Each structure stands twice: as C-alpha cells, then as structure tokens.
Amino acid sequence: MESVNIAPPPHIRQIIDSFFKFIDTEIVPLEKENKKLLDDETKMYDDKYYLRKEVQELRKYARKKSAKAGFLNMFVPENLGGMGLGPLTSVYVNIALHSKYGPGRPLITPGKGLLVTPLIAGFVDGPSQVISDLDEDLKKSYLPLLLSGEKTMCFALSEPEAGSDIWSLKTRAERRGNKWVINGLKQWITNGPYADFCVVFAVTDTELLKAKKGGITTFFVEKERGWKVDAIIPYMGHCGSDTGILSFENVEVPEDHVIGDVNFGFTKAMLGIDIGRLAIGAICAGLSEWALKESIEYSKQRKAFGQTISEYQAIQFMLADSYIDTYTSQTLAIHCGWKAENSDTPPVKEISAVKAYCVEACQRVFDRAIQIFGGMGLTNELRFQDGFRLARTYRIPDGTSEIQRRTIARRLLKGDTSII
Ligand SMILES: Cc1cc2nc3c(=O)[nH]c(=O)nc-3n(C[C@H](O)[C@H](O)[C@H](O)COP(=O)(O)OP(=O)(O)OC[C@H]3O[C@@H](n4cnc5c(N)ncnc54)[C@H](O)[C@@H]3O)c2cc1C
C-alpha cells in the first residue's frame with residue numbers, strides 16, 4: 001500500500017512559496033516601516049474604536065498589492081472572477097501562512113482585534129459563493145472593485161437577539177412595489193464598519209420562518225443606500241476592532257439586489273459559514289505550529305537551576321501535548337479540506353469537528369507556550385497573548401464550540417456515522 005502523504009502537493013507548495021515571497025518582499029517591509037503604528041493598539045485605533053485612517057490605508061494598500069500579485073482572490077469562485085482554488089488549497093495555505101508568520105500582524109495574519117486578513121479575501125469581506133447568484137449587471141459594476149481590493153464587503157447575519165439561533169432574526173424586508181425595504185439591527189459584523197457593500201439576511205416570510213422552513217432572503221446592499229454603522233465593538237481587551245453594529249432604517253433596494261431565491265437565503269448563509277469554519281480551523285492549526293516551534297526553541301535556550309528548562313519533564317510534557325494538539329489539528333483540517341474538495345455537498349459534520357477542535361487545541365497550545373516562556377510569555381512583544389486571545393475569540397464566531405458539537409451530534413444521530 002502506498003503511504004498516505006499529507007504534505008502539500010507540489011502545485012500547492014508552489015502557491016505557498018510564491019505567496020511567502022510576495023509577503024517577504026512587499027508586506028513585511030511595510031509592517032517594519034510602520035511598526036510604531038501597527039504594534040501599538042493605542043495608536044492603531046481612534047477614540048471611537050475605529051482603525052485610524054492611516055491603518056485603514058495601509059490595509060487597503062496591502063490588499064491591492066495582494067490583488068495585483070494574484071493572491072487576494074485565490075479562493076474567490078471563478079464565476080466571480082477569482083482563481084477558484086478549492087477548500088484543500090485554502091487549508092494548506094492558511095496552515096502555512098499562520099505557522100510561518102504567527103499571530104498579531106495586522107497586515108498579514110489576524111490578531112490585535114482584527115479577524116480579517118487583508119491579503120486573502122474571505123466570505124466576511126470579499127466575494128464568495130454567497131454572492132454567486134448576484135444579478136449579472138451588479139456583478140459587472142461591483143466585482144472589479146472588489147477583486148482589485150479597492151472595495152470590501154461584509155456578511156450581516158447575526159443580531160442582538162439572534163446569534164446561534166438564526167430562526168430568531170428580527171430584521172425584516174418588505175416588498176413595496178418593485179422595491180424591498182429593509183429594517184433591523186445587525187450585530188458583530190466583521191468588517192462592517194469599513195465595508196462598502198453588505199450582504200444582509202432579512203426575514204421576508206414569518207410563517208416559513210416560524211416553521212423553520214425558510215423565510216430568510218439574502219440582499220446585496222451598497223453603503224450609499226443608507227445603512228449605518230452605529231458602533232464598533234471592542235473585545236478581548238483590545239483598544240478597537242473591525243466588528244460593528246449596523247442599522248438598517250427603511251433602507252430601500254431594487255428587486256435585482258436579491259441574491260438567489262426569495263425566502264431561501266438560509267442555505268446562502270450556511271455556505272459562507274462553512275467556508276469560515278474551515279478557514280478558522282486551518283488558521284488555528286497553523287498558529288499552533290508557530291507557538292509550538294517557538295516553545296521548543298525557547299525551552300532549549302532558557303536555563304533554570306543550572307540546566308535548560310527542556311531538561312525538565314514538566315516542560316517536555318507540555319511540548320509533547322502541544323505537538324499532539326498541533327498534529328491532530330493539521331491532519332484533521334487537511335483531511336477535511338480534501339473531503340470538502342471532493343464532495344458535492346460540504347462535509348458539515350467534519351467541518352464542525354475541525355472548527356471546534358483546532359480552535360480549542362490552539363488555545364491550549366498558546367496557553368502552554370505562555371507557561372513555557374514564563375514572564376516573557378505574557379509580554380505583548382512576543383505575541384503569544386495575541387494568539388491566545390485570538391483562539392479564545394474564535395470559539396464564538398461562525399458557530400460556537402457548543403453549536404459545532406450540536407451539529408456533529410445531530411448528524412451522527414441522523415445516521416451520518418462515517419468517521420473518515
Ligand atoms: C469577533 C466576532 C466576529 C463575528 N463576525 C460576524 C460576522 O461577520 N457576521 C455575522 O453575521 N456574525 C458575526 N459574529 C456573530 C457570531 O456568529 C455569533 O456571536 C455566534 O453565532 C454566537 O451567537 P451569540 O453571540 O448571540 O451567542 P448565543 O447564541 O446567545 O449563545 C450564548 C451561549 O449559549 C450557547 N448556546 C446557544 N444555543 C445553544 C444550543 N442549542 N445548545 C447548546 N448551547 C447553546 C452558545 O454556545 C453560547 O455559549 C461574530 C462574532 C464575533 C464574536
């Protein structure tokens with residue numbers, strides 16, 4: 001029997017290598033030049049928790065550079081003008097990116113309260129399968145702006161009273177003549193405060209919604225149509241964030257701004273969320289590797305009581321446990337990416353397993369890394385606290401850890417008991 005080789009195949013390795021080359025030549029120097037601004041959160045955000053204009057401009061510059069170099073739209077479907085690389089490549093790229101560059105680098109990897117990586121368009125800030133059915137004229141007008149990195153989007157599903165439970169949505173869209181009028185409040189919307197376009201989910205049929213059979217419609221809404229950013233929500237001790245509260249007050253959109261079928265937006269929402277879950281899992285699987293490698297190196301250098309701390313079994317066991325967490329995270333994510341790539345429908349149970357496992361494992365690995373580094377582990381400079389906070393944060397969006405387990409259990413009990 002041939003051995004199972006889960007190292008990236010040569011064509012994916014090539015993509016990763018050229019992406020690294022681009023980052024090292026174009027983005028790392030930019031981060032270095034702007035270190036004072038980007039390393040200090042009190043300078044990155046203004047008093048209303050917004051990213052300062054200079055930081056927004058730097059992110060836009062990085063995004064546009066990435067678009068030009070051919071990386072921003074790697075995972076954007078081909079019918080939207082992207083490269084259409086699939087979930088397996090996405091898993092490999094995310095693992096490689098985050099294991100090399102670590103957390104907390106605002107232009108490269110998430111951290112510092114930023115969940116969006118400017119270099120790769122994701123479903124929360126760029127074109128994805130969620131908007132595949134967008135009206136052709138709207139595609140012609142807006143896709144070039146999104147693909148060039150000039151403009152960004154957001155994905156507005158959650159509300160103050162509807163997070164895990166999508167069937168509790170309160171935002172309504174009412175048909176008036178040949179227009180739809182949207183009213184409601186959206187909360188926790190990543191990139192919402194900076195987005196030019198919003199994909200918003202609203203209730204259009206309360207009976208279908210009550211029966212959990214539909215009743216939610218997806219709309220594409222330009223900023224000029226009047227949705228507002230009510231506030232930014234800073235979280236996990238950050239001085240600001242890119243997550244906001246958006247309000248829709250009698251926001252009118254024409255009929256052609258409906259994406260897909262009226263009343264059947266739920267599947268569109270889940271399409272986006274599945275992409276997000278797998279990406280978060282892979283990001284965490286990569287970050288775990290970064291933290292483990294840092295821990296190994298430090299343990300071999302740091303001396304206490306006359307010998308390196310790597311000599312102590314207490315430290316060795318932490319390294320071993322972090323390896324177990326990292327190894328299982330990466331194999332799980334890669335296998336699931338392969339399954340997603342080769343299935344007609346997303347492997348929902350497996351994606352939930354990846355999201356729950358890799359995020360929780362990553363938090364454990366960062367916690368151990370902080371312990372191994374002692375006091376140094378707590379400093380802002382070494383970025384372990386960025387990774388720890390990010391992993392902790394990731395247990396909530398795109399379905400909490402409990403919702404992932406609920407999804408897995410429901411699938412198992414419905415007869416989907418396949419393991420691999
Ligand atoms: C940083 C961040 C970014 C986000 N970005 C976006 C975005 O871009 N777009 C968007 O639409 N949303 C976004 N969200 C919202 C996110 O998807 C929700 O926060 C998440 O779904 C949880 O909803 P909630 O916060 O209302 O918690 P709740 O749903 O109120 O859950 C509270 C607790 O109850 C548990 N719980 C709920 N139901 C069950 C159940 N059936 N069984 C067991 N336990 C249960 C949960 O696991 C949790 O522990 C973001 C959130 C965060 C924190």
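As the structure lists them, so they are numbered: ligands from 1, and atoms in each ligand from 1. Just so it is clear, the structure is predicted and the values come from calculations on it, not from any experiment. Reckoned from all heavy atoms, side chains included, excluding hydrogens, waters and symmetry mates.
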For Lys349 and Asp416, run salt bridge (Lys or Arg N to Asp or Glu O under 4.0 Å): C-alpha distance rounded to whole Å, both residues' side-chain angles, the deciding distance at 0.1 Å, then the answer. CA-CA 8 Å; Lys349 157 170 118 298; Asp416 175 7; 3.1 Å; yes
Basic-acidic side-chain contact under 4.0 Å: Glu159, Lys170: no
Tell me which part of Thr400 gets within contact of ligand 1: side chain, backbone, both or neither, using heavy atoms under 4.0 Å. side chain
Could you tell me whether some N/O pair between Phe155 and ligand 1 is separated by less than 3.5 angstrom? yes
Protein contact for atom 33 (C) of ligand 1 (heavy atom, distance under 4.0 Å): no
Kindly assign one of parallel, tilted or perpendicular to the pair Trp167 and Phe266, based on the angle between their ring planes and the thresholds 30° and 60°. parallel
In chain order, what residues pass the ring pair (Phe, Tyr, Trp, His ring centres under 6.0 Å) check against Phe19, with sequence neighbours excluded? Phe71
closest protein heavy atom to atom 49 (O) of ligand 1 is Glu402 OE1, 3.4 Å
Nearest non-hydrogen protein atom to atom 20 (C) of ligand 1, with distance, is Ile396 O, 3.6 Å
I'd like the name of whichever of Gly163, Ser164, Pro110 reaches closest to atom 36 (N) of ligand 1 through any heavy atom. Ser164
Under 4.0 Å between a side-chain nitrogen and a carboxylate oxygen: does that hold for Glu207 and Lys213? no
Could a heavy atom of Tyr235 be found less than 4.0 Å from some atom of ligand 1? yes
Taking 4.0 Å as the limit for heavy-atom contacts, which would you say applies to Arg406 with ligand 1: side chain only, backbone only, both, or neither? side chain
Under a 4.0 angstrom heavy-atom cut-off, which atoms of ligand 1 come close to Val124? 8 (O)
Under a 4.0 Å heavy-atom limit, does Asn191 contact ligand 1 with its side chain, its backbone, both, or neither? neither
